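Notes to accompany the following structure.
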There are 2 protein chains.
Amino acid sequence: MEPPKHRRMTTQRLAILAAVVEGGDHPTAEEVHERVRQRLPRVGLGTVYRNLTLLAGAGIIRLVNLAGEPARFDGKTEAHHHVRCSRCGRIEDVVLPAGNEMREWVSARTHYEVTGHRVEFTGLCPNCKQAARRRT
Amino acid sequence: MEPPKHRRMTTQRLAILAAVVEGGDHPTAEEVHERVRQRLPRVGLGTVYRNLTLLAGAGIIRLVNLAGEPARFDGKTEAHHHVRCSRCGRIEDVVLPAGNEMREWVSARTHYEVTGHRVEFTGLCPNCKQAARRRT
DNA sequence: GTACATGCAAAAAGTTTGCCGACTC
DNA sequence: GAGTCGGCAAACTTTTTGCATGTAC
């Protein structure tokens, strides 16, 4: 369970990183796999998953992970959210304003017809706050 | 692909509905299965999925479907969002205010230490807006 | 040379589906 | 009695993992 001490920059890892960053989109692991295989045909899907997870853990790429579909990866690590088309599944970036009327704002900005949004908060519940305090 | 014309209220369907509504929590399909099997031991997981999907489609329960975990179901159908503990996975309800400072507000209201939130918009992209118009 | 990384294949986890007999209306 | 529904098991999709070999440092 110990994380590795040193990272090695292998051909595969570099190609996987490039496939996510240079695409400028939000590929699934499977899509990354296809792209990488055009240059390195022997790369396995397991390797793709391992490296995407590792790169996301290092903060080099972002795990998008929208609900109800396979995970996607994003070369842009700055804070931003996403619009997803409920019909074709297409995903685009959205930078939220601080203020109100978010749906209208997003709709005007992206030319999507925004029909819904989901907000999900994460954090520590009261029990876990205590538990974390004890262990620190 | 045609949906059934008439719904029948079977013992199993009723028990599955009860397991979600009476629990007052956010069970996964597997958890619903366990609860139902205490009274009806021969119920299969497939039946549970079929009925949860059907009930959610009819708007009787809600599919929660947080990112990165198995789908969950919610007996409360009014508009509300969720806080999830990133440590133990516990999920609670949150009703959002219209205004700003959402994270602080959620934190004060739920006693969670809110460390992150995700916002995901859904709708129709420009292409699909046109396509939908054509078909209507 | 040593640890980390890859390839391959098997397995795990979550969900869907096909078939046929059973039950609801 | 017609048509929906449930039980069971198989299949499917996405992701993880074990193991022997390969490779960056």
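For clarity, every value in this text was computed on a predicted model and none was experimentally measured. In what follows, chains are A, B, ... by sequence order, proteins preceding strands, each numbered from 1.
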Practice problem: Measure from the side chain of A:Ala29, starting at C-beta and using heavy atoms only, and say which of C:dC19, D:dC19, D:dT15 lies closest. | Solution: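 Within the option list, the nearest is D:dT15.
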
Exercise. Just compare C:dA3, D:dG3, D:dT17 and give me whichever is closest to any side-chain atom of A:Arg50.
Key: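 Per side-chain heavy atoms of A:Arg50, the pick is D:dT17.
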
Separation of atom [atom1] in [X] from atom [atom2] in [N], rounded to whole Å:
X	N	atom1	atom2	value
B:Arg8	C:dA22	CZ	P	15 Å
B:Glu69	C:dT15	CD	P	10 Å
A:Glu31	D:dT13	CD	P	15 Å
B:Leu14	D:dC5	CG	P	14 Å
A:Leu52	D:dT16	CG	P	10 Å
A:Phe73	D:dT14	CZ	P	13 Å
B:Leu40	C:dA22	CG	P	18 Å
B:Glu30	C:dA12	CD	C1'	12 Å

Would you say a side-chain N or O of [X] is under 4.0 Å from OP1 or OP2 of [N]?
X	N	answer
A:Arg42	C:dC8	yes
A:Arg13	C:dA5	yes
B:Tyr49	C:dT16	no
A:Arg7	C:dA5	no
B:Thr10	C:dT24	no
A:Gln12	C:dG7	yes
B:Asn51	D:dG6	yes

Quiz item: Quick one: does A:Arg118's side chain get under 4.5 Å of B:Val119's, heavy atoms only?
Solution: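 Counting from C-beta outward, A:Arg118 and B:Val119 never come under 4.5 Å.
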
Quiz prompt | Pair A:Asp93, A:His81: side-chain N/O donor-acceptor within cut-off below 3.5 Å | solution =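 There is no such pair (donor and acceptor under 3.5 Å, judged by atom type) between the side chains of A:Asp93 and A:His81.
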
Quiz item: What is the ring orientation for A:His80 with A:His26, classed by angle as parallel under 30°, tilted 30 to 60°, or perpendicular over 60°?
Solution: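 The arrangement is tilted - the two ring planes meet at 30° to 60°.
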
Exercise. Verify, without hydrogens or angle tests, whether B:Thr77 (side chain) and B:Ile61 (backbone) share a donor-acceptor contact under 3.5 angstrom.
Key: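 The answer is no, because no donor-acceptor pair under 3.5 Å joins these two groups.
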
Quiz item: Does B:Ala19 offer a backbone N or O that forms a donor-acceptor pair with the side chain of B:Arg35 under 3.5 Å?
Solution: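 Answer holds: yes.
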
Practice problem: Take B:Thr47 and B:Thr11, find for each the nucleotide of DNA chain C with the closest heavy atom, and name the residue whose nucleotide sits nearer the 5' end. | Solution: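 Upstream on the strand: B:Thr47.
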
Practice problem: Could you pick out which residue, A:Leu45 or B:Ala71, lies toward the 5' side of DNA chain C when each is mapped onto its nearest nucleotide? | Solution: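 Whichever sits nearer the 5' end wins; that is A:Leu45.
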
